[in-house]
Amino acid sequence: MNFNNKLKHWYLQNNRELPWRKTKDPYHIWLSEIMLQQTRVAQGLPYYLRYIEAFPTVFHLAEASEEKVLKLWQGLGYYSRARNLHFTAKYIANELNGEFPGNYKDLLKLKGVGDYTASAIASICFNEAAAVVDGNVYRVLSRYFGIETPINSTKGIKEFKELAQTLIDTKEPGVYNQAIMDFGALHCKPQKPLCDECHISSSCVALEKDLVGTLPIKEKKIKVRKRYFNYLVLKTANGYTMLNERKGKGIWQGLYEFPLVETQKPIESVKELINDKGFEDLFQSDVSISLFNTKDVVHKLSHQHLYTKFWVIEIEKHIKATIKWNEVEEYPVPVLIDKFLTNFKKDKI
DNA sequence: AACTCGGGGCG
DNA sequence: CGCCCAGAGTT
């Protein structure tokens, strides 16, 4: 048996039952693939089910508000995926009459659809022999063939794609693609792979050369930036607060948050907060300010650690651009804000 | 080619 | 604490 037959054989006995595997509807496959980018199946699954229920067709998704789309994405991270998803849904619904592009080359043109996702949709939905190369595939191929080219180098990306393309089963490319990914996720895992019970280990170069622990090779490590956030949590006497939408570049585009004062260092006293530009008028009238969390809340992102203080500001006068507290939960917010809201509510009761 | 974009799970 | 996850877009 060749490589792909061995994998498919394993897959027939070990595949995961996942909701998007019951269909070849490109809308469902597309949705699942976008959600699972850099995301574990276990984390993405509940989001997929909620999306399918809220937006049964690409037309439902296209007609939804950006806020609703992001709200249902809340907590899944990488929010540009949701915005691109929405953009592409509108494009397909309005420009393509709801019909998905039917091949790899055209799928690749869609916003938010890269090499991996175009290959996945083309192979699963349209039986096109386009090989997927995700984190699982990099791991399986680098180990089995003993390839030491860094998987995140230009050379590595090209090399692994070409190799995968030579291995793909041209009759059942979709099954093969999912087989190698499941094999990587369940068997040839990053840590503690199941080499002892592996049915293809006899021809695995990494096992032979004791490289299982070092492959795949990834170059460069990410640098983490520290940031210091102060959120101004307004409470007016008649039940209003204030949220702002994050715009422009940077994290959490399109999500909402309390008015933010970011400083270069942790602030020592409330004075530094009041002196910050932009909120002078806020502190002129009678207000009482209290720090909600005695220790900084540390919220960790891949590239940033956010040291956060939540300042509760009770205020008598009405200020512009306010929303009611009971409307706050309608808005998509970062997990950092959502967790605060949970604690804040708990604290009040 | 290097950076940026989240959040969670695991050892 | 570091690594990884059904990657893609921007600089």
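Lettering follows sequence order; numbering is per chain, from 1.
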Residues A:Asp134, A:Arg139: salt bridge by 4.0 Å N-O rule: no

Between A:Glu172 and A:Lys8 (salt bridge meaning N to carboxylate O under 4.0 Å), is one present in this structure? yes

Contact residues, residues 178-200 of chain A to DNA chain B [heavy atom, < 4.0 Å]: none

Between residues 25-51 of chain A and DNA chain B, which residues have a heavy-atom gap below 4.0 Å? A:Gln38, A:Thr39, A:Arg40, A:Gln43

Specify the separation, in whole Å, of atom [atom1] of [X] and atom [atom2] of [N].
X        : N     : atom1 : atom2 : result
A:Lys223 : B:dC5 : NZ    : P     : 14 Å
A:Phe340 : B:dG7 : CZ    : P     : 17 Å
A:Lys339 : B:dG6 : NZ    : P     : 15 Å
A:Lys218 : B:dC3 : NZ    : P     : 15 Å
A:His303 : C:dC3 : NE2   : P     : 13 Å
A:Arg81  : B:dG7 : CZ    : P     : 11 Å
A:Ile121 : C:dA6 : CD1   : C1'   : 12 Å
A:Lys300 : B:dG8 : NZ    : P     : 13 Å

Is the phosphate of [N] approached by [X] (side-chain N or O, under 4.0 Å from OP1 or OP2)?
X        : N     : value
A:His299 : B:dG7 : yes
A:Gln304 : B:dC5 : yes
A:Tyr138 : C:dG7 : no
A:Arg139 : C:dC4 : no
A:Lys221 : C:dC3 : yes

Measuring from atom [atom1] of [X] to atom [atom2] of [Y], what distance do you get when rounded to the nearest 0.5 angstrom?
X        : Y        : atom1 : atom2 : result
A:Ser123 : A:Tyr176 : OG    : OH    : 11.0 Å
A:Glu327 : A:Thr322 : CD    : OG1   : 9.0 Å
A:Asp115 : A:Leu107 : CG    : CG    : 11.5 Å
A:Leu163 : A:Leu141 : CG    : CG    : 5.0 Å

The residue among A:Glu67, A:Lys71, A:Glu330 that forms side-chain hydrogen bond (donor to acceptor under 3.5 Å, both in side chains) with A:Tyr256 is A:Glu67

Report all interatomic pairs (protein N or O, nucleotide N or O of nucleotides 9-11 of chain C) with separations under 3.5 Å.
unit_1: C:dG9; atom_1: OP1; unit_2: A:Gly112; atom_2: N; d: 2.3

With rounding to the closest Å, how many angstrom separate the [atom1] atoms on [N] and [M]?
N      : M     : atom1 : result
C:dT11 : B:dG6 : P     : 15 Å
B:dG9  : C:dA8 : C1'   : 23 Å
C:dC5  : B:dC5 : C1'   : 14 Å
B:dG8  : C:dG9 : C1'   : 23 Å

Would you say the side chain of A:Tyr78 and the base of B:dG6 hold a donor-acceptor pair, judged only by whether the two atoms sit under 3.5 Å apart? yes

Donor-acceptor pair under 3.5 Å, A:Arg21 side chain vs C:dA6 base: yes

Report the relative orientation of the aromatic rings in A:Phe183 and A:His187; use parallel for angles under 30°, tilted for 30 to 60°, perpendicular for over 60°. parallel

How are the rings of A:Phe310 and A:Phe340 set to each other: parallel, tilted or perpendicular (split at 30° and 60°)? parallel

How is [X] classified with respect to the nucleic acid when contacts are heavy atoms under 4.0 Å: base, sugar-phosphate, or nothing?
X        : value
A:Asn177 : nothing
A:Trp73  : nothing
A:Thr117 : sugar-phosphate

In this structure, which one of A:Lys309, A:Lys265, A:Lys226 forms a salt bridge (charged side-chain N to carboxylate O under 4.0 Å, His left out) with A:Asp296? A:Lys309

Could A:Arg81 and A:Tyr78 be counted as a cation-pi pair, given that NZ or CZ must be under 6.0 Å from the ring centre and within 45° of the axis? no

Under 4.5 Å between side-chain heavy atoms, counting indirect links through other Ile/Leu/Val/Met/Phe/Trp/Tyr residues: same cluster for A:Val69 and A:Trp30 or not? yes

For a 4.5 angstrom cut-off between non-hydrogen side-chain atoms, does A:Arg225 reach A:His303? no

Quick one: on DNA chain B, does A:Ile222 or A:Val333 contact a more 5' nucleotide (nearest heavy atom)? A:Ile222

